[in-house]
There are 2 protein chains.
Amino acid sequence: MLSNSRSAHQPHNHLRCINAALDRARDLCAQKNARLTPTRERVLNLIWQSHQPLGAYQLQEQLAKLSGKSIAPPTVYRAIEFLVNLGLVHRIPSLNAFIGCPFPNSAHSNLFMICQNCGSAAEATHSGLNDLLQSASNRAQFILKSQNLELFGLCLQCNTATTTNGEQVNHDYTND
Amino acid sequence: MLSNSRSAHQPHNHLRCINAALDRARDLCAQKNARLTPTRERVLNLIWQSHQPLGAYQLQEQLAKLSGKSIAPPTVYRAIEFLVNLGLVHRIPSLNAFIGCPFPNSAHSNLFMICQNCGSAAEATHSGLNDLLQSASNRAQFILKSQNLELFGLCLQCNTATTTNGEQVNHDYTND
DNA sequence: AATAATATGTTATGTTATAACATATTTAAT
DNA sequence: ATTAAATATGTTATAACATAACATATTATT
């Protein structure tokens with residue numbers, strides 16, 4: 001089972017995450033004859049600045065700064081679409097936000113663990129999970145094509161913080 | 001494992017679905033001292049007219065007809081919020097739409113099987129699935145609070161239709 | 001260098017959702 | 001029964017998310 005839950009939810013050398021993600025993107029684009037244009041690379045870079053999913057309009061604002069000119073929504077959405085199609089970025093529907101995929105080449109569960117306190121989202125693959133969903137689908141005579149699995153809760157950091165000092169920084173990344 | 005995949009995705013006496021849903025709602029509201037006002041009951045009724053998730057603005061339009069007067073979005077969203085809080089209705093984030101819950105009292109997986117062809121959504125509970133997600137969360141030291149699990153594909157009806165006559169009525173309920 | 005294909009710019013608008021405040025209705029308390 | 005409190009709805013405006021349609025620019029192919 002692959003997972004980036006450790007790095008996503010805990011302190012780490014994040015420059016590595018960014019560089020690795022950009023390297024993977026360049027590789028994948030070369031391999032697929034897709035153009036990683038400056039705009040697209042910037043958007044990917046911005047998305048990877050943290051492990052918190054970013055909304056399109058947050059990206060727009062930051063992309064405008066990076067580019068030194070104003071950027072209209074379609075430009076952002078196009079870049080996102082490109083990255084999503086290549087599997088480099090996922091959309092998390094319940095958040096209307098986008099997150100970098102840590103393993104764009106591997107088989108996917110599209111399973112996200114989203115912290116309701118700090119907003120970070122970790123992704124995990126899980127073969128047992130896929131088997132189970134497949135068998136549930138079979139039972140229902142449902143032809144499974146794709147999936148979106150979102151778990152909401154507290155990451156280790158935030159859980160520790162809330163249980164030790166009773167204080168909770170609530171950024172309101174709730175789902176319910 | 002509970003599931004309404006048979007009834008949701010296949011021909012059935014749908015009046016039963018509607019009546020049962022309204023009965024459950026009345027029970028639950030009585031039990032919780034919550035008021036199932038005409039507006040709320042109408043919205044629930046409208047949501048249960050089919051097994052296809054309805055958007056808030058579709059509900060608005062239909063509610064206006066039912067009520068014989070124009071209805072503003074907040075009225076619809078308030079009714080939805082009420083129903084969602086009671087567990088009578090689920091929001092399906094990837095569709096920005098709402099669907100009736102067939103078993104509002106039972107433990108939930110919040111697992112939806114959404115047909116990309118006809119748009120119908122069936123819900124299933126699955127204890128094995130819950131255990132698996134719980135253990136995945138444990139491994140990631142993630143405190144699981146709630147979840148949203150969306151499967152996209154083809155229901156039996158639509159799969160049969162597409163494979164037998166090659167023709168496909170595509171209403172474009174796609175996710176990818 | 002001309003053509004085709006791809007990518008971005010630009011304007012406008014569609015779609016989903018909520019904030020803020022006013023009014024009405026229902027419930028509980030006196 | 002009357003008042004007060006709580007709950008629900010009406011109303012206006014706007015925020016937040018997303019795409020359509022068409023123009024221009026850039027890159028790849030011939």
Side-chain angles (χ1 to χ4, degrees), chain A residues 25 29-30 32-44 46-47 52-64 66-86 88-99 119 171-176, chain B residues 25 29-30 32-44 46-47 53-64 66-86 88-99 119 172-176:
Chain A
C29 286
K32 298 212 173 179
N33 261 312
R35 296 193 218 150
L36 193 62
T37 63
T39 299
R40 291 165 176 174
E41 185 166 341
R42 280 174 190 151
V43 169
L44 185 61
L46 287 169
I47 286 177
Q52 278 142 12
L54 273 185
Y57 283 75
Q58 293 175 281
L59 283 168
Q60 179 194 20
E61 196 179 334
Q62 297 180 23
L63 181 58
L66 254 187
S67 310
K69 62 179 173 184
S70 79
I71 301 282
T75 299
V76 178
Y77 279 101
R78 282 172 189 146
I80 291 171
E81 185 185 25
F82 172 87
L83 296 167
V84 167
N85 285 339
L86 279 176
L88 294 166
V89 164
H90 293 292
R91 180 171 188 267
I92 300 187
S94 64
L95 302 177
N96 292 329
F98 304 89
I99 184 94
H171 295 298
D172 219 3
Y173 288 99
T174 53
N175 177 244
D176 27 31
Chain B
C29 287
K32 298 212 173 178
N33 262 312
R35 296 193 218 152
L36 193 61
T37 62
T39 300
R40 291 165 176 174
E41 186 166 339
R42 280 173 190 150
V43 168
L44 185 61
L46 287 170
I47 286 178
L54 274 185
Y57 284 76
Q58 292 175 282
L59 284 168
Q60 178 194 20
E61 196 179 336
Q62 297 180 24
L63 180 58
L66 255 186
S67 310
K69 61 179 173 184
S70 81
I71 299 282
T75 298
V76 178
Y77 278 101
R78 282 170 189 148
I80 291 170
E81 186 185 24
F82 172 87
L83 297 168
V84 167
N85 285 340
L86 279 176
L88 294 165
V89 163
H90 294 291
R91 180 171 188 267
I92 300 187
S94 65
L95 301 177
N96 292 328
F98 304 89
I99 183 97
D172 219 2
Y173 289 100
T174 53
N175 177 246
D176 27 34

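In what follows, every chain begins at residue 1, and chains take the letters A, B, ... in the order their sequences are listed.
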* Passing option when B/R91 is tested against B/N96, B/L83, B/I80 for side chain to side chain contact (heavy atoms under 4.5 Å, CB included) ->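 Single side chain to side chain contact (heavy atoms under 4.5 Å, CB included) partner of B/R91 among B/N96, B/L83, B/I80: B/N96.
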Rounded to whole Å, how long is the line connecting atom [atom1] of [X] with atom [atom2] of [N]?
X     : N      : atom1 : atom2 : answer
A/N33 : C/dA5  : CG    : P     : 16 Å
A/Q60 : D/dA15 : CD    : C1'   : 14 Å
B/Y57 : C/dT18 : OH    : P     : 10 Å
B/N96 : D/dA16 : CG    : C1'   : 12 Å
B/Y77 : C/dT16 : OH    : P     : 7 Å
A/R91 : C/dT16 : CZ    : C1'   : 11 Å
A/L95 : D/dA18 : CG    : P     : 11 Å
B/L59 : C/dA17 : CG    : P     : 11 Å

N/O donor to acceptor pairs below 3.5 angstrom from side-chain atoms of residues 33-41 of chain A, sequence neighbours left out:
residue : atom : partner : partner atom : Å
A/T37   : OG1  : A/R40   : N            : 3.4
A/R40   : NH1  : A/R35   : O            : 2.7
A/E41   : OE2  : A/R26   : NH1          : 2.8

Enter the distance from [X]:[atom1] to [Y]:[atom2] here, rounded to the nearest 0.5 Å.
X     : Y     : atom1 : atom2 : answer
B/L63 : B/Q58 : CG    : CD    : 13.0 Å
B/L59 : B/I71 : CG    : CD1   : 11.5 Å
B/L44 : B/F82 : CG    : CZ    : 9.5 Å

* To do: Inspect the surroundings of CD in A/E61 and state if more than 12 heavy atoms from other residues, nucleotides or ligands are less than 6.0 Å away.
  =>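 Result for CD/A/E61: open.
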Mind listing the N/O atom pairs, protein and nucleotides 8-12 of chain C, below 3.5 Å?
residue : atom : partner : partner atom : Å
C/dT8   : OP1  : A/T37   : OG1          : 2.6
C/dG9   : OP1  : A/K69   : NZ           : 2.6
C/dG9   : OP2  : A/T75   : OG1          : 3.2
C/dG9   : N7   : A/R78   : NH1          : 2.8
C/dG9   : O6   : A/R78   : NH2          : 2.4

Any N/O pairs under 3.5 Å between the protein and nucleotides 24-30 of chain D? List them or say none.
none

